[in-house]
J.: 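The following block contains the structure, expressed as C-alpha coordinates.
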Amino acid sequence: MTAQLHADKVAALDHEPLDWRFKGIPASWWGQTAAQVSSLHPVFFGDGPSGPSGPVCVLRESALVHNLTTMANWCTDRGVELAPHGKTHMAPQLVARQFGAGACAVTAATISQVRVFRAFGVSDIVLANEVVDLPGLAWLAAELDADADFHVICWVDSVAGVELMTAGLAGAQRRLDVCVEVGMAGGRTGCRTEADIDAVARAAAASPRLRLVGVAGYEASTGQDVTPDAVAGVRAYLRDLRATTVRLAGLFESDTVIVTAGGSTYPDEVADTLTGDWPEQISVRTILRSGCYLTHDHGLYARTSPLPLRPALEVWAQVVSRPEPELALVTMGRRDVSFDAGLPVPLNLTGSSVVKLNDQHAFVRLAGNDQAPVGSWLPFGISHPCTTFDKWQLIPVLDDEDRVSGLVRTYF
(Lines give C-alpha, C1' and ligand atoms only; values in the text may rest on other atoms or scores of the structure.)
Protein backbone atom coordinates (compact mmCIF):
# COMPACT_ATOMS: atom_id res chain seq x y z
CA MET A 1 0.00 0.00 0.00
CA THR A 2 1.59 3.27 -1.17
CA ALA A 3 0.81 6.58 0.53
CA GLN A 4 -0.49 9.60 -1.38
CA LEU A 5 0.04 13.37 -1.37
CA HIS A 6 -1.21 16.29 -3.45
CA ALA A 7 1.11 16.29 -6.46
CA ASP A 8 -0.10 19.73 -7.54
CA LYS A 9 0.99 21.27 -4.24
CA VAL A 10 4.42 19.71 -4.54
CA ALA A 11 4.70 20.80 -8.18
CA ALA A 12 3.80 24.36 -7.17
CA LEU A 13 7.14 24.61 -5.33
CA ASP A 14 8.87 24.71 -8.72
CA HIS A 15 6.98 27.88 -9.61
CA GLU A 16 7.84 30.05 -6.62
CA PRO A 17 10.33 32.86 -7.36
CA LEU A 18 13.81 32.49 -5.90
CA ASP A 19 15.43 35.29 -3.94
CA TRP A 20 17.97 36.31 -1.30
CA ARG A 21 16.41 34.08 1.38
CA PHE A 22 18.14 30.99 0.00
CA LYS A 23 21.80 31.01 0.93
CA GLY A 24 24.39 29.81 -1.51
CA ILE A 25 22.36 30.04 -4.71
CA PRO A 26 23.57 32.39 -7.46
CA ALA A 27 22.18 35.92 -7.32
CA SER A 28 21.57 35.54 -11.06
CA TRP A 29 18.73 33.13 -10.18
CA TRP A 30 16.81 35.70 -8.17
CA GLY A 31 13.43 36.40 -9.72
CA GLN A 32 13.42 33.13 -11.63
CA THR A 33 11.52 30.04 -10.55
CA ALA A 34 13.06 26.67 -9.81
CA ALA A 35 11.40 25.32 -12.95
CA GLN A 36 12.98 28.04 -15.09
CA VAL A 37 16.43 27.43 -13.63
CA SER A 38 16.16 23.66 -13.95
CA SER A 39 14.99 23.87 -17.56
CA LEU A 40 18.30 25.50 -18.50
CA HIS A 41 20.39 22.79 -16.77
CA PRO A 42 23.12 25.28 -15.87
CA VAL A 43 26.53 24.07 -14.75
CA PHE A 44 26.36 24.92 -11.07
CA PHE A 45 30.02 25.57 -10.33
CA GLY A 46 30.65 27.68 -13.39
CA ASP A 47 33.26 30.40 -13.72
CA GLY A 48 32.48 34.08 -13.39
CA PRO A 49 30.00 36.10 -11.34
CA SER A 50 26.95 33.95 -12.13
CA GLY A 51 27.94 31.02 -9.92
CA PRO A 52 27.05 30.22 -6.30
CA SER A 53 28.33 32.13 -3.31
CA GLY A 54 29.60 29.51 -0.89
CA PRO A 55 29.04 27.58 1.12
CA VAL A 56 26.34 25.60 -0.63
CA CYS A 57 24.69 22.24 -0.05
CA VAL A 58 23.90 20.02 -3.05
CA LEU A 59 22.23 16.67 -3.72
CA ARG A 60 23.43 14.14 -6.30
CA GLU A 61 20.62 12.89 -8.55
CA SER A 62 22.25 9.60 -9.49
CA ALA A 63 22.83 8.70 -5.83
CA LEU A 64 19.23 9.56 -4.92
CA VAL A 65 17.90 7.31 -7.68
CA HIS A 66 20.24 4.50 -6.67
CA ASN A 67 19.27 4.72 -3.00
CA LEU A 68 15.53 4.87 -3.70
CA THR A 69 15.75 1.79 -5.91
CA THR A 70 18.08 -0.10 -3.58
CA MET A 71 15.86 0.42 -0.54
CA ALA A 72 12.65 -0.39 -2.44
CA ASN A 73 14.12 -3.65 -3.71
CA TRP A 74 15.50 -4.52 -0.28
CA CYS A 75 12.10 -3.97 1.36
CA THR A 76 10.39 -6.15 -1.23
CA ASP A 77 12.97 -8.90 -0.83
CA ARG A 78 12.79 -8.81 2.97
CA GLY A 79 9.00 -8.58 3.25
CA VAL A 80 8.81 -5.24 5.07
CA GLU A 81 7.05 -1.96 4.35
CA LEU A 82 8.78 1.40 4.57
CA ALA A 83 7.59 4.58 6.28
CA PRO A 84 10.74 6.71 5.89
CA HIS A 85 11.42 9.26 8.60
CA GLY A 86 10.62 12.65 7.11
CA LYS A 87 12.47 14.55 9.84
CA THR A 88 15.66 13.70 7.98
CA HIS A 89 14.96 16.14 5.17
CA MET A 90 11.53 17.78 5.76
CA ALA A 91 11.23 18.10 1.99
CA PRO A 92 7.84 17.32 0.38
CA GLN A 93 9.54 16.85 -3.00
CA LEU A 94 11.69 14.07 -1.55
CA VAL A 95 8.68 12.54 0.22
CA ALA A 96 6.95 12.41 -3.16
CA ARG A 97 9.89 10.49 -4.58
CA GLN A 98 9.84 8.09 -1.64
CA PHE A 99 6.12 7.50 -2.15
CA GLY A 100 6.80 6.95 -5.83
CA ALA A 101 9.25 4.21 -4.84
CA GLY A 102 6.54 2.48 -2.79
CA ALA A 103 6.69 3.93 0.74
CA CYS A 104 3.50 3.23 2.70
CA ALA A 105 3.66 6.38 4.86
CA VAL A 106 6.01 9.10 6.05
CA THR A 107 7.22 9.19 9.65
CA ALA A 108 7.33 12.39 11.70
CA ALA A 109 8.57 13.16 15.19
CA THR A 110 6.45 16.18 16.14
CA ILE A 111 3.05 17.72 15.51
CA SER A 112 4.77 20.58 13.66
CA GLN A 113 6.31 18.10 11.23
CA VAL A 114 2.94 16.40 10.73
CA ARG A 115 1.43 19.81 9.91
CA VAL A 116 4.03 20.36 7.19
CA PHE A 117 3.25 17.03 5.54
CA ARG A 118 -0.48 17.57 5.87
CA ALA A 119 -0.11 20.94 4.13
CA PHE A 120 1.01 18.94 1.11
CA GLY A 121 -1.86 16.47 1.43
CA VAL A 122 0.07 13.49 2.80
CA SER A 123 -2.49 10.79 3.54
CA ASP A 124 -0.55 8.38 5.79
CA ILE A 125 1.69 9.49 8.65
CA VAL A 126 3.45 7.66 11.46
CA LEU A 127 3.99 10.03 14.39
CA ALA A 128 6.79 8.29 16.26
CA ASN A 129 6.07 9.87 19.62
CA GLU A 130 3.45 10.12 22.32
CA VAL A 131 1.36 13.28 21.92
CA VAL A 132 0.50 14.89 25.26
CA ASP A 133 -0.10 18.58 24.40
CA LEU A 134 -3.76 19.52 24.20
CA PRO A 135 -3.43 21.88 21.19
CA GLY A 136 -1.67 19.17 19.22
CA LEU A 137 -4.31 16.59 20.10
CA ALA A 138 -7.11 19.01 19.20
CA TRP A 139 -5.49 19.68 15.82
CA LEU A 140 -5.06 15.96 15.13
CA ALA A 141 -8.69 15.30 16.04
CA ALA A 142 -9.86 18.05 13.69
CA GLU A 143 -7.70 16.73 10.84
CA LEU A 144 -8.97 13.18 11.31
CA ASP A 145 -12.59 14.28 11.44
CA ALA A 146 -12.23 16.52 8.40
CA ASP A 147 -10.59 13.94 6.13
CA ALA A 148 -11.65 10.30 6.13
CA ASP A 149 -8.64 9.46 3.93
CA PHE A 150 -6.15 10.74 6.51
CA HIS A 151 -4.53 7.98 8.56
CA VAL A 152 -2.11 8.62 11.43
CA ILE A 153 -0.56 6.35 14.04
CA CYS A 154 1.28 7.53 17.14
CA TRP A 155 2.81 5.98 20.26
CA VAL A 156 1.72 5.51 23.88
CA ASP A 157 4.21 4.61 26.61
CA SER A 158 2.48 5.50 29.88
CA VAL A 159 -0.95 5.24 31.47
CA ALA A 160 -0.71 8.96 32.23
CA GLY A 161 -0.13 9.60 28.53
CA VAL A 162 -3.15 7.50 27.60
CA GLU A 163 -5.27 9.52 30.03
CA LEU A 164 -4.02 12.85 28.65
CA MET A 165 -4.65 11.74 25.09
CA THR A 166 -8.12 10.45 25.92
CA ALA A 167 -9.03 13.77 27.54
CA GLY A 168 -7.47 15.82 24.74
CA LEU A 169 -9.44 13.92 22.09
CA ALA A 170 -12.80 14.29 23.81
CA GLY A 171 -15.48 15.04 21.27
CA ALA A 172 -13.52 13.65 18.32
CA GLN A 173 -15.52 11.56 15.89
CA ARG A 174 -12.67 9.23 14.90
CA ARG A 175 -10.44 7.36 17.27
CA LEU A 176 -6.67 7.84 17.10
CA ASP A 177 -4.64 4.74 16.23
CA VAL A 178 -1.78 4.05 18.64
CA CYS A 179 1.05 1.58 19.13
CA VAL A 180 2.38 0.77 22.58
CA GLU A 181 6.06 1.69 22.56
CA VAL A 182 8.58 -0.77 23.94
CA GLY A 183 11.69 0.99 25.22
CA MET A 184 15.29 -0.08 25.58
CA ALA A 185 17.20 0.05 28.87
CA GLY A 186 19.24 3.25 28.89
CA GLY A 187 17.50 4.38 25.75
CA ARG A 188 14.91 6.99 24.95
CA THR A 189 11.12 6.74 25.33
CA GLY A 190 9.08 3.56 25.67
CA CYS A 191 7.92 1.22 28.43
CA ARG A 192 10.77 -0.54 30.21
CA THR A 193 9.03 -3.54 31.83
CA GLU A 194 6.46 -6.12 30.79
CA ALA A 195 4.17 -4.90 33.55
CA ASP A 196 4.32 -1.33 32.23
CA ILE A 197 3.79 -2.47 28.64
CA ASP A 198 0.73 -4.51 29.59
CA ALA A 199 -0.76 -1.72 31.72
CA VAL A 200 -0.36 0.84 28.94
CA ALA A 201 -1.76 -1.56 26.33
CA ARG A 202 -4.81 -2.31 28.49
CA ALA A 203 -5.38 1.39 29.12
CA ALA A 204 -5.14 2.21 25.40
CA ALA A 205 -7.48 -0.63 24.47
CA ALA A 206 -10.00 0.58 27.05
CA SER A 207 -9.86 4.21 25.94
CA PRO A 208 -12.93 5.40 24.02
CA ARG A 209 -10.77 7.80 21.99
CA LEU A 210 -7.82 5.52 21.13
CA ARG A 211 -7.50 2.35 19.06
CA LEU A 212 -4.63 -0.02 19.88
CA VAL A 213 -3.23 -1.27 16.56
CA GLY A 214 0.33 -2.37 17.19
CA VAL A 215 3.72 -2.30 18.88
CA ALA A 216 6.55 0.13 18.17
CA GLY A 217 10.20 0.45 19.07
CA TYR A 218 13.53 1.94 18.07
CA GLU A 219 16.46 -0.43 18.20
CA ALA A 220 19.16 2.27 17.80
CA SER A 221 18.09 4.39 20.77
CA THR A 222 21.34 3.69 22.61
CA GLY A 223 23.62 4.29 19.63
CA GLN A 224 24.74 2.88 16.29
CA ASP A 225 27.43 0.49 17.43
CA VAL A 226 27.89 -2.43 15.04
CA THR A 227 30.21 -4.57 17.17
CA PRO A 228 29.02 -8.16 17.72
CA ASP A 229 27.99 -7.45 21.32
CA ALA A 230 25.97 -4.37 20.32
CA VAL A 231 24.23 -6.20 17.47
CA ALA A 232 23.40 -9.06 19.84
CA GLY A 233 21.77 -6.52 22.17
CA VAL A 234 19.73 -5.11 19.28
CA ARG A 235 18.54 -8.58 18.33
CA ALA A 236 17.55 -9.32 21.92
CA TYR A 237 15.55 -6.10 22.05
CA LEU A 238 13.79 -6.89 18.77
CA ARG A 239 12.94 -10.35 20.09
CA ASP A 240 11.30 -8.61 23.06
CA LEU A 241 9.33 -6.48 20.59
CA ARG A 242 8.17 -9.62 18.83
CA ALA A 243 7.28 -11.39 22.08
CA THR A 244 5.31 -8.34 23.21
CA THR A 245 3.26 -8.45 20.02
CA VAL A 246 2.36 -12.08 20.57
CA ARG A 247 1.56 -11.54 24.26
CA LEU A 248 -0.80 -8.62 23.53
CA ALA A 249 -2.56 -10.36 20.64
CA GLY A 250 -5.96 -10.32 22.34
CA LEU A 251 -5.92 -6.56 22.92
CA PHE A 252 -5.35 -5.25 19.40
CA GLU A 253 -8.37 -3.61 17.78
CA SER A 254 -7.42 -4.00 14.13
CA ASP A 255 -7.44 -7.01 11.86
CA THR A 256 -3.79 -6.45 10.98
CA VAL A 257 -1.27 -5.70 13.73
CA ILE A 258 1.47 -3.14 13.00
CA VAL A 259 4.96 -3.93 14.26
CA THR A 260 7.35 -1.09 13.55
CA ALA A 261 10.98 -0.37 14.31
CA GLY A 262 13.96 0.84 12.48
CA GLY A 263 16.60 3.31 11.66
CA SER A 264 19.24 3.09 8.99
CA THR A 265 21.85 1.07 10.91
CA TYR A 266 20.10 -2.21 11.72
CA PRO A 267 17.53 -2.88 8.97
CA ASP A 268 18.70 -6.47 8.51
CA GLU A 269 18.14 -7.24 12.18
CA VAL A 270 14.65 -5.69 12.05
CA ALA A 271 13.69 -7.76 9.00
CA ASP A 272 15.24 -10.96 10.35
CA THR A 273 13.40 -10.71 13.67
CA LEU A 274 10.08 -9.09 12.86
CA THR A 275 9.00 -10.92 9.70
CA GLY A 276 7.92 -14.50 9.00
CA ASP A 277 6.57 -17.30 11.17
CA TRP A 278 4.12 -15.26 13.24
CA PRO A 279 1.42 -17.27 15.03
CA GLU A 280 -1.54 -18.02 12.78
CA GLN A 281 -3.90 -15.89 14.85
CA ILE A 282 -1.87 -12.72 14.16
CA SER A 283 -1.72 -10.93 10.82
CA VAL A 284 1.29 -8.58 10.95
CA ARG A 285 2.52 -5.61 8.92
CA THR A 286 6.22 -5.01 9.61
CA ILE A 287 7.07 -1.37 8.96
CA LEU A 288 10.62 0.00 8.85
CA ARG A 289 11.14 3.72 9.55
CA SER A 290 14.62 4.37 8.13
CA GLY A 291 15.15 7.95 6.99
CA CYS A 292 18.86 8.48 6.29
CA TYR A 293 19.01 5.78 3.62
CA LEU A 294 17.82 8.30 1.01
CA THR A 295 21.00 10.36 1.04
CA HIS A 296 23.28 8.08 3.04
CA ASP A 297 26.52 9.88 4.02
CA HIS A 298 30.31 9.74 4.14
CA GLY A 299 30.50 9.18 7.90
CA LEU A 300 28.11 7.57 10.38
CA TYR A 301 26.02 5.59 7.90
CA ALA A 302 28.93 4.84 5.60
CA ARG A 303 30.35 2.98 8.62
CA THR A 304 27.17 1.33 9.86
CA SER A 305 24.61 0.74 7.09
CA PRO A 306 24.58 -2.81 5.68
CA LEU A 307 22.98 -1.68 2.41
CA PRO A 308 24.99 -0.77 -0.73
CA LEU A 309 23.97 2.89 -0.71
CA ARG A 310 25.71 5.95 -2.16
CA PRO A 311 26.30 9.33 -0.50
CA ALA A 312 24.04 11.94 -2.11
CA LEU A 313 24.58 14.98 0.12
CA GLU A 314 27.59 17.29 -0.15
CA VAL A 315 28.54 20.73 1.14
CA TRP A 316 30.88 22.80 -1.01
CA ALA A 317 32.94 25.72 0.27
CA GLN A 318 35.80 27.92 -0.89
CA VAL A 319 39.25 28.23 0.59
CA VAL A 320 39.34 31.71 2.08
CA SER A 321 42.68 31.69 3.90
CA ARG A 322 46.01 29.83 3.98
CA PRO A 323 47.55 31.30 7.13
CA GLU A 324 49.93 28.35 7.70
CA PRO A 325 51.60 25.92 5.24
CA GLU A 326 49.47 22.94 6.31
CA LEU A 327 46.27 24.78 7.18
CA ALA A 328 43.40 25.91 4.97
CA LEU A 329 40.36 27.80 6.21
CA VAL A 330 37.19 27.25 4.19
CA THR A 331 33.86 29.11 4.21
CA MET A 332 31.84 26.35 5.90
CA GLY A 333 31.06 26.02 9.58
CA ARG A 334 28.64 24.79 12.21
CA ARG A 335 25.89 26.92 10.64
CA ASP A 336 26.25 24.97 7.40
CA VAL A 337 27.12 21.34 8.06
CA SER A 338 26.51 18.58 10.60
CA PHE A 339 29.09 17.90 13.29
CA ASP A 340 27.12 15.94 15.92
CA ALA A 341 28.15 12.54 14.52
CA GLY A 342 31.55 13.36 13.04
CA LEU A 343 33.20 16.22 11.20
CA PRO A 344 32.88 16.76 7.43
CA VAL A 345 35.09 14.69 5.14
CA PRO A 346 37.14 16.34 2.33
CA LEU A 347 36.28 14.48 -0.88
CA ASN A 348 39.04 15.69 -3.20
CA LEU A 349 41.87 15.83 -0.67
CA THR A 350 43.08 12.29 -0.11
CA GLY A 351 45.21 12.78 3.00
CA SER A 352 43.71 15.88 4.57
CA SER A 353 41.03 16.22 7.22
CA VAL A 354 38.73 18.73 8.88
CA VAL A 355 40.00 19.16 12.44
CA LYS A 356 37.72 21.89 13.78
CA LEU A 357 34.64 23.96 12.96
CA ASN A 358 33.77 27.51 13.96
CA ASP A 359 30.37 29.04 13.20
CA GLN A 360 31.36 29.98 9.64
CA HIS A 361 34.78 28.37 9.09
CA ALA A 362 36.26 24.89 8.82
CA PHE A 363 39.90 24.18 9.67
CA VAL A 364 41.36 21.77 7.12
CA ARG A 365 44.69 20.19 8.06
CA LEU A 366 46.47 19.53 4.75
CA ALA A 367 48.60 16.44 4.21
CA GLY A 368 50.89 15.08 1.52
CA ASN A 369 50.55 16.76 -1.84
CA ASP A 370 47.00 18.01 -1.31
CA GLN A 371 46.50 21.42 -2.86
CA ALA A 372 44.04 24.02 -1.62
CA PRO A 373 44.78 27.44 -3.15
CA VAL A 374 42.82 30.46 -1.94
CA GLY A 375 39.60 30.78 -3.90
CA SER A 376 39.33 27.12 -4.88
CA TRP A 377 36.09 25.19 -4.31
CA LEU A 378 36.29 22.05 -2.17
CA PRO A 379 33.54 19.42 -1.75
CA PHE A 380 32.90 17.80 1.63
CA GLY A 381 30.97 14.71 2.56
CA ILE A 382 28.86 14.87 5.69
CA SER A 383 28.15 12.61 8.65
CA HIS A 384 24.45 12.41 9.69
CA PRO A 385 22.14 13.90 7.05
CA CYS A 386 19.46 15.08 9.51
CA THR A 387 21.58 17.86 10.96
CA THR A 388 22.84 19.05 7.59
CA PHE A 389 19.44 19.28 5.91
CA ASP A 390 18.07 21.53 8.67
CA LYS A 391 20.60 24.25 7.80
CA TRP A 392 19.40 24.66 4.20
CA GLN A 393 16.05 25.90 2.88
CA LEU A 394 16.86 25.28 -0.78
CA ILE A 395 19.17 22.58 -2.14
CA PRO A 396 20.17 22.22 -5.81
CA VAL A 397 20.08 18.70 -7.26
CA LEU A 398 23.00 18.06 -9.62
CA ASP A 399 23.61 15.44 -12.28
CA ASP A 400 26.98 13.78 -12.75
CA GLU A 401 28.19 16.72 -14.83
CA ASP A 402 27.33 19.23 -12.07
CA ARG A 403 24.34 20.51 -14.03
CA VAL A 404 21.24 21.54 -12.10
CA SER A 405 18.36 19.09 -12.59
CA GLY A 406 16.09 20.40 -9.82
CA LEU A 407 15.81 22.35 -6.58
CA VAL A 408 14.52 20.92 -3.29
CA ARG A 409 12.76 23.01 -0.63
CA THR A 410 12.94 22.07 3.05
CA TYR A 411 10.59 23.09 5.88
CA PHE A 412 12.22 23.05 9.31
Side-chain angles (χ1 to χ4, degrees), residues 10 13-14 18 22-26 28-29 32-48 50-74 84 88-89 91 93-98 100-101 264 291-302 305 307-319 330 332 336-338 344-350 352 370-372 375-385 388-389 391-392 394-410:
V10 176
L13 296 176
D14 282 337
L18 307 175
F22 305 117
K23 68 179 182 179
I25 69 166
S28 60
W29 292 4
Q32 299 184 68
T33 66
Q36 289 170 329
V37 171
S38 300
S39 69
L40 299 174
H41 299 293
V43 175
F44 190 60
F45 297 104
D47 295 329
S50 62
S53 178
V56 64
C57 182
V58 301
L59 285 162
R60 292 292 175 180
E61 174 67 21
S62 59
L64 289 175
V65 171
H66 171 84
N67 295 344
L68 284 164
T69 302
T70 298
M71 179 58 91
N73 291 340
W74 182 91
T88 298
H89 50 67
Q93 291 150 304
L94 296 181
V95 171
R97 296 183 69 159
Q98 291 172 308
S264 297
C292 295
Y293 80 90
L294 180 60
T295 62
H296 199 50
D297 67 15
H298 286 87
L300 173 63
Y301 293 106
S305 174
L307 276 65
L309 303 171
R310 298 177 186 169
L313 196 61
E314 301 168 0
V315 176
W316 286 65
Q318 284 182 287
V319 178
V330 302
M332 170 192 73
D336 312 301
V337 69
S338 55
V345 179
L347 299 181
N348 289 353
L349 302 176
T350 56
S352 302
D370 285 347
Q371 300 296 310
S376 60
W377 281 95
L378 299 179
F380 294 85
I382 60 95
S383 181
H384 194 200
T388 294
F389 268 110
K391 304 176 192 306
W392 299 90
L394 187 73
I395 304 176
V397 182
L398 307 184
D399 65 17
D400 291 339
E401 297 178 346
D402 287 344
R403 292 185 177 276
V404 178
S405 63
L407 293 146
V408 168
R409 282 289 308 273
T410 68

J.: Apply side-chain contact (heavy atoms from CB on, under 4.5 Å) to the pair Thr295 and Tyr301, showing each step before the final yes or no.
T.: CA-CA 10 Å; Thr295 62; Tyr301 293 106; over 6 Å; no
J.: Can you name the nearest heavy-atom pair linking His384 to Cys292, along with the distance?
T.: CD2-SG, 4.4 Å
J.: At what distance, to the nearest 0.5 angstrom, does CG of Leu309 lie from OG1 of Thr69?
T.: 11.0 Å
J.: Mind telling me whether Trp29 and Phe44 have parallel, tilted or perpendicular rings, with 30° and 60° as the class edges?
T.: tilted
J.: Is it the case that the side chain of Ser39 and the backbone of Gln36 share a donor-acceptor pair, with hydrogens and angles ignored and the cut-off at 3.5 Å?
T.: yes
J.: Give me the atom names and distance for the closest heavy-atom approach of His298 to Gly381.
T.: ND1-CA, 3.3 Å
J.: I'd like to know if the side chain of Glu401 and the backbone of Val43 have a donor-acceptor N/O pair within less than 3.5 Å.
T.: no
J.: Could you give the distance from CG (Leu64) to CZ (Arg97), rounded to the nearest 0.5 Å?
T.: 5.5 Å
J.: Determine, step by step, whether Thr88 and Leu94 satisfy the side-chain contact (heavy atoms from CB on, under 4.5 Å) criterion, reporting the C-alpha distance in whole Å, the side-chain angles of both residues, the deciding distance to 0.1 Å, and the verdict.
T.: CA-CA 10 Å; Thr88 298; Leu94 296 181; over 6 Å; no
J.: Using atom types as modelled and distance alone, determine if a side-chain donor or acceptor of Asp297 lies under 3.5 Å from a backbone N or O of Ala302.
T.: yes
J.: Taking all atoms of both residues into account, what is the closest heavy-atom pair of Gly291 and Ser264, and its distance?
T.: N-OG, 3.7 Å
J.: So, Asp402 side chain and Phe45 main chain: donor-acceptor pair closer than 3.5 Å or not?
T.: no
J.: Taking atom NE2 of His41 and atom CG of Asp399, what is their separation to the nearest 0.5 Å?
T.: 8.0 Å
J.: Is there side-chain contact between Pro344 and Val315, with at least one heavy-atom pair below 4.5 Å?
T.: no
J.: Quick one: does any side-chain atom of Thr410 pair with a main-chain N or O of His89 as donor and acceptor, under 3.5 Å?
T.: no
J.: State, to 0.1 Å, how close Thr388 and Asp336 come at their nearest heavy-atom pair, and which atoms those are.
T.: CG2-O, 4.3 Å
J.: State the CD1-CZ distance between Ile382 and Phe389, to the nearest 0.5 angstrom.
T.: 8.0 Å
J.: List the residues meeting ring-ring contact (aromatic ring centres under 6.0 Å, His included) with Phe22, not counting sequence neighbours, and say none if there are none.
T.: none
J.: Once you round to the nearest 0.5 Å, how far does CD1 of Ile25 lie from NZ of Lys23?
T.: 12.5 Å
J.: Do Val404 and Leu398 come within less than 4.5 Å of each other through their side chains, counting heavy atoms only?
T.: yes
J.: Measure the shortest side-chain to side-chain distance between Thr350 and Asp370 over non-hydrogen atoms and say whether it is less than 4.5 angstrom.
T.: yes
J.: Ignoring hydrogens and geometry, is there a side-chain-to-backbone donor-acceptor pair from Arg60 to Leu313 under 3.5 Å?
T.: no
J.: Start with the C-alpha distance between His296 and Ser305, add both sets of side-chain angles, then the distance that settles side-chain contact (heavy atoms from CB on, under 4.5 Å), and finish with yes or no.
T.: CA-CA 8 Å; His296 199 50; Ser305 174; 3.8 Å; yes
J.: Quick one: does Gln318's side chain have a donor or acceptor within less than 3.5 Å of a partner on Ser53's backbone?
T.: no
J.: For Trp377 and Val56: C-alpha separation, side-chain torsions, deciding distance, then whether side-chain contact (heavy atoms from CB on, under 4.5 Å) applies.
T.: CA-CA 10 Å; Trp377 281 95; Val56 64; 4.3 Å; yes
J.: What's the shortest heavy-atom distance between Leu294 and Asn67, and which atoms?
T.: O-ND2, 2.9 Å
J.: Can you spot which of Val345, Val330, Leu347 makes a side chain to side chain contact (heavy atoms under 4.5 Å, CB included) with Phe380?
T.: Val330
J.: Measure the spacing between CH2 of Trp392 and CG of Leu59 and express it to the nearest 0.5 Å.
T.: 11.5 Å
J.: So which heavy atom on Leu378 is nearest to which on Val319, and how close?
T.: CD1-CG2, 3.6 Å
